Amino acid sequence: GRLRRVGQDIDGPGGRIDNVIEYEANDVSRDLAARLPEAVRLWDPADDVIEQRVGLRFEIREPDTVELFVSGISVAPKLFGYEFPKFGSADGPPSPLPFPNVPFGMFRVLYNDGKIRIIKTGQNWISVNERRE
């Protein structure tokens, strides 16, 4: 599939960040839909998506420093018009792999006005993020 979206869902009061990657339908779904008569086609392949989440718990260590810990992973496919059961949990157990506070990294907040956030990661990368409603 093709990349559709890379983003984050942030719950500040809950101390959670989910890193989210969405992939569009693969060629098989689009090809199959194109071969079926419209009256028989029960789904729009443009609606097919696979969503992958890595759930993170965060702790503020200093006013500008945040530590991250993996809490879980999940994959949620919607293919051929059917929402398959989610595999794993970005919220923590029951994840297919145990993640009891595995360290993930840290970042320093260089600037944050509520709409634009600039951070520097523990690997010295600079990231500029814009909040979209």
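As the structure is a prediction and not an experimental result, all values here were calculated from the model. Side chains included, hydrogens not; waters and symmetry mates left out as well; all remaining heavy atoms used.
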- Separation between CZ (Arg5) and OH (Tyr23), nearest 0.5 Å, reads 12.5 Å
- Taking side-chain hydrogen bond (donor to acceptor under 3.5 Å, both in side chains) as the test, write out the residues that go with Glu24, two or more places apart. none
- Message: List the residues meeting side-chain hydrogen bond (donor to acceptor under 3.5 Å, both in side chains) with Glu83, not counting sequence neighbours, and say none if there are none.
- Response: none
- Item | Side-chain cluster (under 4.5 Å, hydrophobic types only) that Ile126 belongs to, other residues | Leu110, Tyr111, Ile116, Ile118, Val128
- Item | Qualifying residues under side chain to side chain contact (heavy atoms under 4.5 Å, CB included), relative to Val49, sequence neighbours excluded | Arg4, Glu22, Lys78
- Item | Residues that, via side-chain heavy atoms closer than 4.5 angstrom, fall in one hydrophobic cluster with Met106 | none
- Could you pull out all residues at least two apart from Arg131 that satisfy salt bridge (charged side-chain N to carboxylate O under 4.0 Å, His left out)? none
- Note on the structure: Sorted by chain and number, sequence neighbours left out, ring pair (Phe, Tyr, Trp, His ring centres under 6.0 Å) with Phe84 holds for Tyr82
- Query: Could you state the interatomic distance from CZ (Phe104) to CG (Asn19), rounded to the nearest 0.5 Å?
  - Reply: 5.5 Å
- What distance do Ile73 atom CD1 and Asp18 atom CG have between them, rounded to the nearest 0.5 Å? 12.5 Å
- Is Ile10 reachable from Phe69 through a run of hydrophobic residues whose side-chain heavy atoms are each under 4.5 Å from the next? no
- Query: Listed by chain and number, what are the salt bridge (charged side-chain N to carboxylate O under 4.0 Å, His left out) partners of Asp47, not counting sequence neighbours?
  - Reply: none
- Output the rest of the hydrophobic cluster of Trp125: all Ile, Leu, Val, Met, Phe, Trp and Tyr residues reachable through side-chain heavy-atom contacts under 4.5 Å, sorted by chain and number. none
- Query: Going by the salt bridge (charged side-chain N to carboxylate O under 4.0 Å, His left out) test, which pairs reach into residues 107-122, not counting sequence neighbours?
  - Reply: Asp64-Arg108, Lys115-Glu130
- Message: Under the rule for side-chain hydrogen bond (donor to acceptor under 3.5 Å, both in side chains), what residues qualify as partners of Gln52, not counting sequence neighbours?
- Response: none
- Find the distance between CZ (Arg16) and CG (Leu68) and round it off to the nearest 0.5 Å. 11.5 Å
- So, do Val20 and Val6 sit near enough that their side-chain heavy atoms are less than 4.5 Å apart? no
- By side-chain hydrogen bond (donor to acceptor under 3.5 Å, both in side chains), Asn112 pairs with (sequence neighbours left out) none
